[in-house]
Amino acid sequence: MTPAELEARQLAFMESFDAHPPIAEAIQHTGVYATSVHLESLQHRPGAGVTGVYRVATGRPVMPRGGPAGSYTETSDHVDELYVGMTTEPVSAEADGVVQSHSPYGRLSIWQHPLDPALPGLRIAADPDSVRNVWGAGRDLVSLETISYRPLRRAVIAAEFDDGTRLFLKVLRARRAQHLHTRHQLLLDAGVPAAVPVREPVLDVVALREGSGESLAEYFLADGAAAAGPERFIDLLEKLPAEVMTLPAREAWTDRLSAYASAATSALPGATERISALVEHISTVLPLTDRGPVVPTHGDFYEANLLMRGGEVSALLDVDSLGPGYRVDDLACFLGHLAVLPAVDPRYVHVPAAFQRFAAGFAATVDAHALRVRTAAVALSLVAGARDTRRAQWQAQAEQRLACAEAVVGLRSAGPALPQWPQL
C-alpha cells in the first residue's frame with residue numbers, strides 16, 4: 001500500500017463510525033462516558049497524516065437503584081459536551097493527556113481539548129481564569145471565542161474584556177512564539193501596519209491587539225474592492241524591511257504541488273484525471289517562467305490577512321510565514337484565494353471582474369506566465385480545505401474550487417463564477 005493509499009484509508013476511517021469506539025474508550029480514563037460522537041473537522045497533511053476533531057456528548061454513569069455494586073446504567077446524572085482530537089500523525093507516547101490506541105491503518109493518538117500535545121499553551125489560552133490573570137491587566141473577561149483551531153499546528157482565540165478591548169491569542173508550537181513576536185516587532189519598527197503584541201509571549205502564546213479596519217474580503221463582497229487598486233498591495237510588499245531576508249525561508253505552493261494534488265485527490269477521488277492534468281500543465285509551464293529575485297515576502301498574502309480602512313491597508317495580519325521568497329508567490333497567493341471566493345460563497349458576484357483587474361495589475365510587475373500557473377497552484381491547494389463532513393454539499397464546493405484552478409490556466413472555459421485570466 002502506497003503512502004497516499006494509506007492516508008486515503010485513514011481519511012475514510014476518521015469519517016466513519018469505526019472511529020467512535022477508540023474515542024469512547026479513551027475518554028473513559030477521565031471518568032466520563034460517550035453517549036454520541038460527531039466529527040467536527042478533518043485535517044489531512046499529505047505525508048504527515050490525518051487528524052480529526054470530534055464533538056462528544058458525555059454522561060457520568062450512576063449505579064441503578066438496587067443494582068449490584070460496580071454496575072452501571074446507560075443513563076446519567078450529568079450530560080455535557082467535550083471536544084476530542086485524534087490523529088495518525090506521530091505523537092510522543094509521553095505527551096501529557098494523550099491516550100494511545102490503534103486502528104487497521106496505524107496508531108492513533110487521542111486527547112481531550114485543550115490538551116493538544118503539540119500546543120501546550122492552548123491550556124491557558126482556552127481557560128477563562130488563566131486568560132484573565134495573564135492578559136487581563138485588572139479587567140474582567142467578557143467572552144472567550146475560538147476563531148480557528150488546526151490540531152497539532154496552531155490556534156487563534158479571541159478574548160474580549162469589559163472595557164471593550166479585544167485580544168487575539170495565537171497559540172503556536174514549541175519555541176515558535178518568540179519568532180512570531182519578533183516578526184511583528186520588525187514590521188512595526190519599519191512602519192508597516194501590523195498587529196501589536198501586548199507583551200512578551202507566555203507559554204508559546206502571542207497576544208495581539210485587535211487591528212483596526214475591516215477585512216479586504218468585505219471589500220470584495222461589496223463591490224469587488226473598487227476603491228483599492230492593485231498598486232496599493234504591491235506598495236505594501238515593497239515596504240517590507242530588508243531585515244525580513246534574515247528570517248528562515250518557507251516553501252511556496254508550487255514547491256509542494258504534489259502534496260496539494262494528493263490532498264485534492266483524497267477529497268475528490270472522482271476528479272483524479274482532472275487534477276493530474278492540472279498538475280501536469282503547471283509542472284510543464286513552471287520551468288519556462290522567471291520566478292524573479294529573492295525579496296522580503298509575507299508568505300500568506302491574501303484578503304483574510306489584510307484589514308482595510310478608507311481604501312488603505314490598515315493592518316497586515318498573520319505574519320508567521322514572513323521571510324525571504326519571491327514576489328510572484330505573494331501575488332499568486334492573493335490571486336489564488338481571490339479566484340475561489342465565489343466557490344466559498346456565491347455572494348461574491350463581483351470577484352470575477354476584480355480578479356481580472358488585479359491579475360492584470362500584478363502581472364505588470366512580475367513574469368505573467370509565472371504568476372498565472374502559480375495562481376492555479378494556490379487555488380489547487382485550497383481544494384481539500386473545502387472538506388467539511390457537517391455540510392452535505394462540501395464535495396460540490398471542492399469541485400468548484402478545482403474548476404477555478406483549471407479556469408485560471410485555461411483548462412476550463414470561464415463561466416459566470418469562474419476566474420478568467422486577462423488578455424495582457
Under 3.5 Å: donor-acceptor pair, side chain of [X], backbone of [Y]:
| X | Y | answer |
| --- | --- | --- |
| T284 | E280 | yes |
| H184 | A194 | no |
| E7 | G47 | yes |
| S215 | A217 | yes |
| R374 | D329 | no |
| T254 | L257 | no |
| R9 | Y105 | no |
| S381 | V378 | yes |

Does the side chain of [X] pick up a donor-acceptor pair with the side chain of [Y] at under 3.5 Å?
| X | Y | answer |
| --- | --- | --- |
| T51 | Q43 | no |
| Q112 | T30 | yes |
| Q100 | S109 | yes |
| H337 | E303 | no |
| T297 | R327 | no |

Applying side-chain contact (heavy atoms from CB on, under 4.5 Å) to R176 and R154, what does each step give before you reach the verdict? CA-CA 10 Å; R176 296 191 179 185; R154 59 182 291 182; over 6 Å; no
Would you please test L180 and K170 for side-chain contact (heavy atoms from CB on, under 4.5 Å) and show each step? CA-CA 9 Å; L180 178 59; K170 299 194 71 169; 4.0 Å; yes
Check this for me: does any side-chain nitrogen of one of [X] and [Y] sit under 4.0 Å from a carboxylate oxygen of the other?
| X | Y | result |
| --- | --- | --- |
| R401 | E406 | no |
| R123 | D116 | no |
| R139 | D162 | no |

Which heavy-atom pair separates [X] from [Y] by the least distance, and what is that distance?
| X | Y | result |
| --- | --- | --- |
| V56 | A34 | CG1-CB, 3.6 Å |
| F358 | G229 | CE2-C, 4.1 Å |
| A359 | W421 | CB-CZ3, 3.9 Å |
| L331 | I234 | CD2-CG1, 4.4 Å |
| P117 | L152 | CG-CD2, 3.7 Å |
| P193 | V313 | CG-O, 3.9 Å |

What verdict does the salt bridge (Lys or Arg N to Asp or Glu O under 4.0 Å) test give for R309 and E214, after you've listed the backbone C-alpha separation in whole Å, the side-chain angles of each residue and the deciding distance to 0.1 Å? CA-CA 7 Å; R309 187 174 58 235; E214 60 181 342; over 6 Å; no
Before giving the answer on side-chain contact (heavy atoms from CB on, under 4.5 Å), spell out for L119 and R173 the whole-Å C-alpha distance, their side-chain angles and the decisive distance to 0.1 Å. CA-CA 5 Å; L119 302 175; R173 304 182 81 176; 3.9 Å; yes
Could you give me the CA-CA distance, side-chain angles and deciding distance for E145 and R166, then say whether salt bridge (Lys or Arg N to Asp or Glu O under 4.0 Å) is met? CA-CA 11 Å; E145 176 189 6; R166 199 163 188 242; 3.6 Å; yes
Do the ring planes of F301 and F233 sit parallel (below 30°), tilted (30 to 60°) or perpendicular (above 60°)? perpendicular
Mind telling me whether H20 and Y54 have parallel, tilted or perpendicular rings, with 30° and 60° as the class edges? perpendicular
What's the separation between atom CZ in R175 and atom NE2 in H179, rounded to the nearest 0.5 Å? 8.5 Å
List the steps and the verdict of side-chain contact (heavy atoms from CB on, under 4.5 Å) for R183 and L247. CA-CA 9 Å; R183 284 168 165 77; L247 301 173; 3.9 Å; yes
